[in-house]
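Written out below as structure tokens is the structure these notes cover.
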2 protein chains.
Amino acid sequence: MTTRGRGLHGHVLETLGPAITAGDYPPGSVLRTDELAQRFEVSRSVMREAVRVLESMYLVESRRRVGVTVRPKSEWNVYDPQVIRWRLAGADRPHQLRSLTVLRSAIEPVAAGLAARHATAEQCAELTECALGMVATSRGHQLEGYLVHDVAFHRVILKASGNEMFARLGDVVAEVLSGRTHHDVMFEDPDPAAVTLHVQLAEAVREGDSRRAEELTREITAGALQELDVLAP
Amino acid sequence: MTTRGRGLHGHVLETLGPAITAGDYPPGSVLRTDELAQRFEVSRSVMREAVRVLESMYLVESRRRVGVTVRPKSEWNVYDPQVIRWRLAGADRPHQLRSLTVLRSAIEPVAAGLAARHATAEQCAELTECALGMVATSRGHQLEGYLVHDVAFHRVILKASGNEMFARLGDVVAEVLSGRTHHDVMFEDPDPAAVTLHVQLAEAVREGDSRRAEELTREITAGALQELDVLAP
DNA sequence: GGGAACAAAAAGTCAGACTTATATGTCACA
DNA sequence: TGTGACATATAAGTCTGACTTTTTGTTCCC
């Protein structure tokens, strides 16, 4: 939602980035800074700044006498929030969504286990509040409201784990959950079982039951994976 | 090892990046492009490119009339390989190492489980070869050789999982393992139990035993965590 | 055919002038 | 005293043109 068109170079990135991640320029393709600058009607300096950013994402490599070559997908920094957003907006969105959901299924249970040990009283309260919000919006096609509480819930868990690497995945989870609600088909209300699991998870964290928190989260993420299999087989 | 001093802006990043991640400039600190350009004896355009890269790592934010402000640590893109390297080279290295090891303990078991299902015959062979290499170098203070095989082993597992997000963590694991061997105290030969676990893991993957591969990896990463507790309590 | 010299091409660097957004201070007015 | 509009200074943002450096590919000679 954050319009990242900060400056001209940002605007260039907004069209060039998605184009590259979408595979419009196959690996090994060579771009030239001057040509790009002309195409986007910006000065060379602006174009150079954009290329530097793409380079720091490992999307391209700039070499003298050669030009700006597109790197193979396997080298891209797929953890860059910007890259994630670009790819989720593109064609291989389903594939990307699956990768991220599998990532969630690995991270979140461990994060929840840690959260049960380290969560502050305030975080426990937040968690319970989010769970209540999910219950309140779980029926009657209030998907948008449900999403807000769901995202907030998982953010708190990840943050409460006390691990900065986990905490930083809050945005990723938000993108995944938001994508599931918006782009993919989701006519019905959320699965009642999932809602219950969230309530129980808040409970487990509050009680400091690390083992149970981990197990409940495994069930939640397993459900998310299963749901993905049903929607996009 | 990769000297990333590619160009002048790369050289600037090599000193400015570590300085920021080390906390030399507390969050909210304001830098000015012109001043920095003078300090590093480069032109403004070069300095601007460096700032753009720092900005794409969420380390700083550039705003008109204000300057380049350092963002709070919680917003940094801690998955950026460059940022990881800078932080591992800095003062809060132990803390960083622990975060990454916890991350490993979440990711690798799941990755190993997937690898058992998706690994190709060639990958299985590589895995066995690495495990044999670890056995061969596990005694007689051949830590350097052991490290090479250890890193290769985990890289194959992560790649064989078939999940691009997992595969991309190969570099991170390499940094962690390498750091453990080089910087931290490590007089003795590696734990024989760990070596055995790796051999068994290669076996489990080869046999397609997903459950066992996952469990064995949990033991491996648990050992790594425990080791960290002993070395840096 | 192989190696050395050469030429061309594209990124890299620099300096200077100009534009634009915006934080902040000023002042009049309520 | 507080509040709004307005002016101003500041630092980033942009553009241009000239120059440098590295690297690739070709050519020419042995």
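Given the structure is predicted, the values throughout are model-derived calculations rather than measurements. Labels below follow one simple rule: chain letters A, B, ... track the order of the sequence lines, proteins then strands, and each chain is numbered from 1.
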ask   = Do side-chain atoms of A:Arg93 reach the backbone of A:Gly179 as a donor and acceptor pair under 3.5 angstrom?
value = yes
inquiry  = Just N and O in the side chain of A:Arg65: are any of them under 4.0 Å from OP1 or OP2 of C:dA11?
reply    = no
Qualifying ring-ring contact (aromatic ring centres under 6.0 Å, His included) pairs, either residue in residues 65-102 of chain B, two or more places apart = A:Tyr79-B:Tyr79
task = Take the protein atom CD of A:Glu61 and the nucleotide atom P of C:dG12, then report the distance between them rounded to whole Å.
result = 10 Å
key: First of A:Glu41 and B:Leu31 reached from the 5' end of DNA chain D, by closest nucleotide   = B:Leu31
query = Looking only at side-chain N and O atoms, does A:Ser45 come under 4.0 Å of OP1 or OP2 in D:dG13?
reply = no
inquiry  = Output the rounded distance in Å from CG (A:Asp34) to C1' (D:dG17).
reply    = 12 Å
remark   = Separation of D:dC15 atom C1' from A:Phe40 atom CZ, nearest Å, is 18 Å
key: Touch class at under 4.0 angstrom, heavy-atom based, for B:Val51 against every strand present   = nothing
request  = Nearest whole angstrom, please: distance from the P of D:dC15 to the CD of A:Gln38.
outcome  = 13 Å
task = Using modelled atom types only, decide if a donor and an acceptor are shared between the side chain of B:Asp80 and the backbone of B:Met57 within a distance under 3.5 Å.
result = no
message = Output the rounded distance in Å from CE (B:Met47) to P (D:dA11).
response = 16 Å
message = With a cut-off of less than 4.0 Å, is there a side-chain N or O of A:Arg48 near OP1 or OP2 of C:dA11?
response = no
request  = For the side chain of A:Ser43, starting at C-beta, report the closest nucleotide among D:dC15, C:dG12, D:dT24.
outcome  = D:dC15
message = Is there a side-chain contact between B:Arg6 and the phosphate of C:dA11, meaning an N or O under 4.0 Å from OP1 or OP2?
response = no
remark   = note: A:Leu8, atom CG; C:dT19, atom P; distance rounded to Å ~ 15 Å
key: For B:Ser56, side-chain hydrogen bond (donor to acceptor under 3.5 Å, both in side chains) partners two or more places apart   = A:Ser56
Heavy-atom pair of closest approach, residues A:Ala167 and A:Lys159 = CB-CA, 4.1 Å
query = Do the side chain of A:Arg64 and the base of D:dT23 come within less than 3.5 angstrom through a donor-acceptor pair of N or O atoms?
reply = no
key: Under 4.0 angstrom between B:Arg44 side-chain N/O and C:dT13 OP1 or OP2   = no
query = Below 4.0 angstrom from OP1 or OP2 of D:dA12, is there any side-chain N or O of B:Thr33?
reply = yes
task = Whole angstrom is fine here: how far is it from NE2 in B:His11 over to P in C:dC14?
result = 12 Å
remark   = Atom CD of A:Glu55 and atom C1' of C:dG12 are separated, to the nearest Å, by 12 Å
